[in-house]
Amino acid sequence: MLFSTTWALAFAFAGTAYAAATGSHPTRPNDACSKSLVSLSLPPSWSRNTTCSGNARQTCGILQYLFPSNETFTGGSQYYEPLVETLYSEVCWKDPACFVTPNTSEDVSLIMRVLTATNTKFAVRSAGNLDIPGFNAVGSDGVVVALQNMNKKVLSADKKYATIGTGLNWKSIYLWIEPFGVQIVGGREPRIGAGGFLLGGGIALFNDKYGLGLDQIVRYEVVLPSGNLVNATASENADLYKSLKGGLSNFGIITEFEVMTTDVVDINYEVALYAPNNTKAILTAYVDFLNENNGGPGNANVQIEVTQNYTLIFYGHVGHVPSAPEFKPFRSIPVLKTFIPPTNGTVTSLLFATEGQSGQAGSSDSPGSYYGTSLSHKIPDAKVTLEAYDAYLATAKTLQPGISIFFAPQGFTAGTVRAGKARNGGNVLGLYEGPQMWHDVYATLPNVSQYAAAQQAVDSWSSTVTKKAKSEGIFLPFIYSNNGNIRSKVLSGYGKKNFDFIKKTAKKYDPTGVMQTLQNDGFLIRKEA
Ligand SMILES: Cc1cc2nc3c(=O)[nH]c(=O)nc-3n(C[C@H](O)[C@H](O)[C@H](O)COP(=O)(O)OP(=O)(O)OC[C@H]3O[C@@H](n4cnc5c(N)ncnc54)[C@H](O)[C@@H]3O)c2cc1C
Ligand SMILES: *[C@@H]1O[C@H](CO)[C@@H](O)[C@H](O)[C@H]1NC(C)=O
Ligand SMILES: *[C@@H]1O[C@H](CO)[C@@H](O)[C@H](O)[C@H]1NC(C)=O
Ligand SMILES: *[C@@H]1O[C@H](CO)[C@@H](O)[C@H](O)[C@H]1NC(C)=O
Ligand SMILES: *[C@@H]1O[C@H](CO)[C@@H](O)[C@H](O)[C@H]1NC(C)=O
Ligand SMILES: *[C@@H]1O[C@H](CO)[C@@H](O)[C@H](O)[C@H]1NC(C)=O
Ligand SMILES: *[C@@H]1O[C@H](CO)[C@@H](O)[C@H](O)[C@H]1NC(C)=O
Ligand SMILES: *[C@@H]1O[C@H](CO)[C@@H](O)[C@H](O)[C@H]1NC(C)=O
Ligand SMILES: *[C@@H]1O[C@H](CO)[C@@H](O)[C@H](O)[C@H]1NC(C)=O
C-alpha cells in the first residue's frame, strides 16, 4: 500500500468548469487550413471536404485513414471501452471521439500535425495512472493519443544509459533491465508509466542518493506541436531539456527518455505494520531520521503510509545490509505485525512482494476513484508533521461510509536536491536544499458519486496544514505534480524564475500555443500565468 498510494487526484465538476473557461477552439483561416491539410498528403477529396474547426469525428476519420492497422479506435471497436477504462481512477473515464495508438515517433509526429492542422482538442496519456480528470482523457469533442505502444527498450553497450519508450510501465522496465545487472530510478508500483512519472518528478526508492527520477534523464525525444521530432539534451535544445525537468506537458509530446542507469539492484528491505497509537512516535522518529541523514550518502530509505487502521513503514537499504544503523530512531517502537520480513532481494523482488497490497479503492472488477493533494514544508522538528497527522485524524472522522483516507508523509533531504543539481545542469522544480516533507493525502472512494465529498475532506486537510506550516514559517511552495489535483498551481510552486523560464521555452517551441489551447487539460502555463 505504501506503494500504491501516494497518488493524487481531482475535482468533480472539473470538466465543465474547464470547458466554460476555454470556450471553443481557435480556428485557423481557411487557406492556412487547407494548406496544412495538403501537407499531410491526404487524397485531394479529403482536403476539399475537411474543415479545420476542430470537428473531432472528422479528425478521427483522417486518423483512421492514416493509421488503419489496428491503431485508431472509435466507439464501435472492441478495444475502445478497455482503453476508456485503462485509467486508474474511474472518475477520469471519458468517451473520446477516438483513440489513436501510435507505434513510432514518426506516427506521433504525423498525429500531432493532424491535430494541429484541424484544430482538434486532444489528451495525451502514457500508462494512465494520473488521477486528475481531464488530464489524460477527453470527451467526445476530442481525441486521446494513447502511447502504450511506445515501448522501446534499449540499453547502451556500456550499460550506463537506457532508452525507454514513454508508454512502458515500471514493471516491464524493471523486469527487462535487472538481468543486465543495472536498474533505473523508477516508480514504486508496477503499473506506473515511465511518461507521467518521469515528466512529473519521480519518487523512487533512493532519491537521496540519486535525485528524483527526472534527474536521471540525459535525453528527451519530443514531438513539437509543429510535428518536428527533436532531441533535447544538455547540448542540443538545451533550454527545452532543462525546462522538461519539471515543465510537464507544456512543450510537446515526449516519445522516449534516455536515462542514466544505476548499479543498485541488490537491496535489503523490510515492511512492518504498527498500531495507530504509535503513529506519533513513528512520525517523530521519521523527522529525526531525515535530519540525522541530511545530505548523507542516501543509502537508507524509509517510507511511511498512515491508514485509519494501522501505520506501515518500509525500510530499504542499498545492498544486502541488514538492520542498518540509520533506522535506529524507529527500533524502540513496537511492531504490530511484520508484513515483509527482513529480506535480501532486488528492486524487482520488492515490487512483486508489494504488488496489489495497496490502498486501492477497487480491484479490477470493482474500480474506484481517487482524490488527493500534495503540499510541502521544511522539518526543523516534527511539530507540523504531527499537526498534519492530527488534521488527518480529524478529517477521517468526518468521512461518509465507503470513503477511506490515507496519509503519506514523504521525506527528502538535501541529498535529493544536491544530486539533482549535480546531474546535467539540474531541474526547474525550485526545491529547497534541506530536510523536507512532501505530504500526500488522498481519499479512495468506491462510488464516483462520493467524489465531491472526498474532495471537500481532503481540501480541508490541506488548508488546515498549509495554515499551520505558514504560521511556523516553514511552508514550501513546491507541490509534487504527480500527487497534485486540479487546483494545484504546480508551475508557480517552482518559483518565479523557473516559471518564467518555462514560459519562455514554451513560447519558443510552441509559438502558437497548441499545448495550451488544444490540449484538454494539464498543469498548463495558461492556467497559472
Ligand atoms: C498506484 C500508484 C502508485 C504510484 N506510486 C508512485 C511512486 O512511487 N512515485 C511517484 O513519483 N509517483 C507515484 N504515483 C504517481 C504517478 O507518478 C503519477 O500518477 C504519474 O503521472 C503516472 O504516470 P502515467 O504515465 O501512468 O500517467 P498518465 O496519466 O498517462 O500521464 C500523467 C500526465 O502526464 C501527461 N503525459 C504522459 N505521458 C506524456 C508524454 N509522453 N508527453 C506529454 N505528456 C504526457 C499526461 O497527459 C498526464 O497529464 C503513483 C500512482 C499510482 C496510481
Ligand atoms: C471526406 O472525403 C473522404 C474521401 O472521399 C471520405 O472518406 C470522408 O468520409 C469525407 N468526410 C466528410 C466529413 O465528409
Ligand atoms: C502497431 O502495433 C500494433 C500492435 O502493437 C499492430 O497491430 C499494428 O499493426 C502496428 N501498426 C503498424 C503500422 O505497424
Ligand atoms: C490491437 O490493438 C489493441 C489495443 O491497443 C490491442 O489490445 C490488440 O492486442 C491489438 N491487436 C493486434 C492483433 O495487434
Ligand atoms: C535523437 O538521438 C538518438 C540517439 O542519439 C538518435 O538515434 C535519434 O535519431 C535522434 N533523433 C533526432 C530526431 O534527432
Ligand atoms: C496500542 O495499540 C495496541 C494494538 O491495538 C495495543 O496492544 C497497545 O496496548 C496500545 N498501546 C497503548 C499504550 O495504548
Ligand atoms: C479498517 O478496519 C475496519 C474494521 O476491520 C474495516 O471495516 C475498514 O475497511 C478498514 N479500513 C481500511 C482503510 O482499511
Ligand atoms: C542478507 O545478507 C547479509 C550479508 O550477506 C547477511 O548478513 C544477512 O544475514 C542476510 N539476511 C537475510 C535475511 O538473509
Ligand atoms: C453509486 O451511488 C449512486 C448515487 O448514490 C447510486 O445510485 C448507485 O447505485 C451507486 N453505485 C454503486 C455501484 O453502488
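In each ligand, atom 1 is the first atom listed, and ligand 1 is the first ligand listed.
The closest side-chain heavy-atom distance from Arg487 to Asp459 is below 4.5 Å.
Cation-pi check for Lys503 over Phe501 is not met; the charged atom does not lie both under 6.0 angstrom from the ring centroid and within 45 degrees of its normal.
For an aromatic pair to be called close, the ring centres must be under 6.0 Å apart, and Phe499 with Tyr494 fails this. Remark: aromatic rings of His317 and Tyr269 are distant, center separation not under 6.0 Å. Proximity of the aromatic rings of Phe135 and Phe523 is defined here by a centroid distance below 6.0 angstrom, and this criterion is met.
Nearest protein heavy-atom neighbour of atom 12 (C) of ligand 5: Asn231 ND2, 3.3 Å.
Close approach of ligand 1 to Ile253 is summarised as follows: ligand atoms under 4.0 Å from at least one heavy atom of the residue are 42 (N). Under a 4.0 Å criterion applied to the non-hydrogen atoms of Asn136, ligand 1 contributes the atoms 29 (O). The atoms of ligand 1 that sit less than 4.0 Å from any heavy atom of Ile203 are 7 (C), 8 (O), 9 (N), 10 (C), 11 (O). Shown in contact with Gly252 at under 4.0 Å from a heavy atom are these atoms of ligand 1, numbered in order with element: 43 (C). Listed by number with element, the atoms of ligand 4 under 4.0 angstrom from any heavy atom of Asn70 are 1 (C), 2 (O), 3 (C), 8 (C), 10 (C), 11 (N), 12 (C), 14 (O). Each of the following atoms of ligand 1 lies closer than 4.0 Å to a heavy atom of Gly202: 11 (O). Atoms of ligand 1 found under 4.0 Å from any heavy atom of Gly193 (numbered from 1 in listed order, with element): 23 (O), 24 (P), 25 (O), 26 (O). Close approach of ligand 1 to Ser249 is summarised as follows: ligand atoms under 4.0 Å from at least one heavy atom of the residue are 44 (N). Each of the following atoms of ligand 4 lies closer than 4.0 Å to a heavy atom of Gln148: 5 (O). Near Ala127, meaning under 4.0 Å from one of its heavy atoms, ligand 1 places the atoms 24 (P), 25 (O), 26 (O), 30 (O).
For Thr166, a nitrogen or oxygen atom sits less than 3.5 Å from a nitrogen or oxygen atom of ligand 1, counting backbone and side chain alike. Of the N or O atoms in Gln519, none lie within a sub-3.5 Å distance of an N or O in ligand 1. Inclusion of Gly128 in the set of residues having an N or O under 3.5 Å from an N or O of ligand 1 is warranted. When only interatomic distances are considered, the shortest N/O to N/O separation between Arg125 and ligand 1 does not fall below 3.5 Å. For ligand 4, the polar-atom distance check finds no N/O of Thr101 at less than 3.5 Å from any of the ligand's N/O atoms.
Counting heavy atoms closer than 4.0 Å to ligand 1, residue Asn169 contributes nothing at all. If you look at Asn129 next to ligand 1, the close heavy atoms, those under 4.0 Å, come from the backbone and the side chain alike. When heavy-atom distances to ligand 1 are checked against a 4.0 Å cut-off, Phe135 comes that close through both its backbone and its side chain.
Between Glu236 and Arg219 there is no salt bridge, since no side-chain N of the basic residue sits under 4.0 Å from a carboxylate O of the acidic one. Taking the charged nitrogens against the carboxylate oxygens, Glu256 and Lys152 do have a contact shorter than 4.0 Å, which makes a salt bridge. Residues Asp215 and Arg423 are not paired through a salt bridge, judged by the lack of any N-O separation under 4.0 Å between the basic side chain and the carboxylate.
Contact between Glu258 and ligand 5 is absent, with no heavy atom of the residue lying under 4.0 Å from the ligand. Heavy-atom separations between Tyr480 and ligand 1 include at least one value shorter than 4.0 Å.
Inside a 4.0 Å radius of atom 5 (O) of ligand 4 there is at least one protein heavy atom. Within the 4.0 angstrom cut-off, atom 9 (O) of ligand 5 has no protein heavy-atom neighbours.
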### Task
I would like to know whether Leu229 and Glu221 meet side chain to side chain contact (heavy atoms under 4.5 Å, CB included); could you show each step before the answer?
CA-CA 7 Å; Leu229 183 63; Glu221 188 186 67; 3.7 Å; yes
### Task
Show your reasoning for whether side chain to side chain contact (heavy atoms under 4.5 Å, CB included) applies to Phe314 and Phe339.
CA-CA 10 Å; Phe314 164 86; Phe339 186 60; over 6 Å; no
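Of all the listed residues (Asn482, Leu244, Val144), Asn482 holds the heavy atom that lies closest to atom 15 (C) of ligand 1. Considering only non-hydrogen atoms, atom 39 (C) of ligand 1 lies nearest to Leu199 out of Ile254, Leu199, Val223.
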